Amino acid sequence: MSINPALFPDPDTLVARMKVALREAGLRLTPQRVAVCQALAESTTHPTAQVLFEQLSTQDAALSRGTVYNTLEALAKMGLAQQLVVAGDGAMRFDSNLGPHAHLVCTRCHRVEDYADPALDLITTDVTQRSGYELRGLCVFYHGLCPACRAAETDHR
């Protein structure tokens, strides 16, 4: 399946957009905020704020949990990150991929992966045309067992 690069911009482009938006919102661009933006833009795992804090605090002792949480909340409010609550673990996760895509969620290990489905572009266009809504997000979840959990389940039989 091919992925439309316009819907999945590279991390540097995402970080540049985030930095502009944070500045326009009146927030200072501290090294810690930029690091949060960079980590989110590069992540494919849909991290929680706690996961990002743990990852980044090893590199910057000045980073606070509050900075991570507040930066992620600001990005979500500005439409530069999606907030995802995944059934099973109930954790608030963040996704910088704003293009129409689905999420594959493992019901055992709670792994979350993006799944690009060209049909979602068509559905989104149809919903926009038929409803008159200006869509600003799409959230589709497929729940099941990831390959690793399926293999582990097979090994235990």
Side-chain angles (χ1 to χ4, degrees), residues 1-117 120-121 124 134-153:
M1 167 183 327
S2 67
I3 295 177
N4 180 346
L7 298 177
F8 300 89
D10 67 278
D12 292 335
T13 301
L14 289 172
V15 171
R17 288 181 193 164
M18 291 173 179
K19 288 165 60 174
V20 167
L22 289 172
R23 245 188 250 116
E24 288 176 353
L27 297 172
R28 284 188 18 225
L29 277 183
T30 63
Q32 292 81 12
R33 281 196 182 111
V34 173
V36 171
C37 293
Q38 190 75 42
L40 181 61
E42 292 174 354
S43 177
T44 59
T45 63
H46 307 81
T48 64
Q50 182 63 30
V51 165
L52 283 179
F53 172 74
E54 289 169 5
Q55 172 190 334
L56 295 172
S57 64
T58 62
Q59 302 160 7
D60 185 349
L63 181 70
S64 71
R65 278 184 176 81
T67 296
V68 175
Y69 281 87
N70 293 336
T71 302
L72 292 172
E73 289 289 325
L75 292 172
K77 284 181 183 172
M78 292 182 279
L80 293 171
Q82 282 188 61
Q83 294 177 310
L84 308 172
V85 177
V86 177
D89 70 358
M92 176 67 68
R93 295 168 181 264
F94 292 86
D95 187 1
S96 63
N97 177 353
L98 302 176
H101 67 285
H103 297 95
L104 302 171
V105 180
C106 182
T107 55
R108 179 169 293 143
C109 70
H110 308 294
R111 174 180 170 174
V112 180
E113 292 182 61
D114 287 342
Y115 179 74
D117 185 346
L120 292 176
D121 288 334
T124 302
E134 177 187 322
L135 298 181
R136 297 191 176 174
L138 169 73
C139 220
V140 176
F141 292 95
Y142 295 106
H143 299 271
L145 293 177
C146 70
C149 288
R150 281 183 50 218
E153 187 174 82

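Quick caveat, the model's predicted, so the values are computed rather than measured.
Applying the side chain to side chain donor-acceptor pair (under 3.5 Å) definition to pairs two or more places apart or across chains, those involving residues 66-76 are Ser64-Thr67, Glu73-Gln83. Residue pairs satisfying the salt bridge (Lys or Arg N to Asp or Glu O under 4.0 Å) criterion with at least one member in residues 98-113, sequence neighbours excluded, are listed as follows: Arg108-Glu153, Arg111-Glu113.
Once rounded to the nearest 0.5 Å, the distance linking OG1 of Thr30 with CG of Leu63 reads 8.5 Å. Within the model, atoms CG of Leu84 and SG of Cys139 stand 5.0 Å from one another, a figure rounded to the nearest 0.5 Å. Of the inter-residue distances, the one linking Asp95 atom CG with Asp114 atom CG reads 5.0 Å to the nearest 0.5 angstrom. For the atom pair CG (Asp10) and OG1 (Thr13), the distance works out to 3.5 Å, reported to the nearest 0.5 Å. Atom-to-atom distance recorded for Phe53:CZ and Leu72:CG is 12.5 Å, nearest 0.5 angstrom. Considering CG of Leu22 and CZ of Arg17, their distance stands at 14.0 Å, rounded to 0.5 Å.
Not counting sequence neighbours, the partners of Thr107 by the side chain to side chain contact (heavy atoms under 4.5 Å, CB included) test are His143, Leu145. With sequence neighbours excluded, the residues that form a side chain to side chain contact (heavy atoms under 4.5 Å, CB included) with Ala35 are Leu56. Evaluation of the salt bridge (charged side-chain N to carboxylate O under 4.0 Å, His left out) rule for Glu24 yields no partner, not counting sequence neighbours. Evaluation of the side-chain hydrogen bond (donor to acceptor under 3.5 Å, both in side chains) rule for Gln38 yields Glu42 as partners, not counting sequence neighbours. Under the ring-ring contact (aromatic ring centres under 6.0 Å, His included) criterion, His103 pairs with His46, His101, Phe141, sequence neighbours left out. For Ser57, there are no side-chain hydrogen bond (donor to acceptor under 3.5 Å, both in side chains) partners, not counting sequence neighbours. Judged as a side-chain hydrogen bond (donor to acceptor under 3.5 Å, both in side chains), and not counting sequence neighbours, Arg150 has no contacts. For Ala91, the side chain to side chain contact (heavy atoms under 4.5 Å, CB included) test picks out Thr48, Asp89, with sequence neighbours left out. For Glu134, the side-chain hydrogen bond (donor to acceptor under 3.5 Å, both in side chains) partners are Arg136, not counting sequence neighbours. The side chain to side chain contact (heavy atoms under 4.5 Å, CB included) search around Val85 returns Met92, not counting sequence neighbours.
Side-chain contact between Ser43 and Ser96 is absent, with no heavy-atom pair separated by less than 4.5 Å. With a 4.5 Å cut-off on side-chain heavy atoms, Val34 and Met18 do not count as touching. Using a 4.5 Å cut-off on side-chain heavy atoms (C-beta onward), Tyr142 and Asp117 make contact. Residues Leu104 and Val112 fail the side-chain proximity criterion, which asks for heavy atoms closer than 4.5 Å.
No hydrogens or angles considered: nothing links the side chains of Asp121 and Thr124 as a donor-acceptor pair under 3.5 Å. Side-chain contact, Arg65 with Gln50: a donor N or O sits under 3.5 Å from an acceptor N or O.
Of all the heavy atoms in Ala102 and Leu120, the pair that sits closest is N-CD1, 3.5 Å. The heavy-atom pair separating Gln32 from Ala62 by the smallest distance is NE2-CB, 3.6 Å. Leu52 and Ala39 get closest at one heavy-atom pair: CD2-CB, 3.7 Å. Across all their heavy atoms, Cys149 and Cys106 have their closest contact at SG-SG, 3.6 Å.
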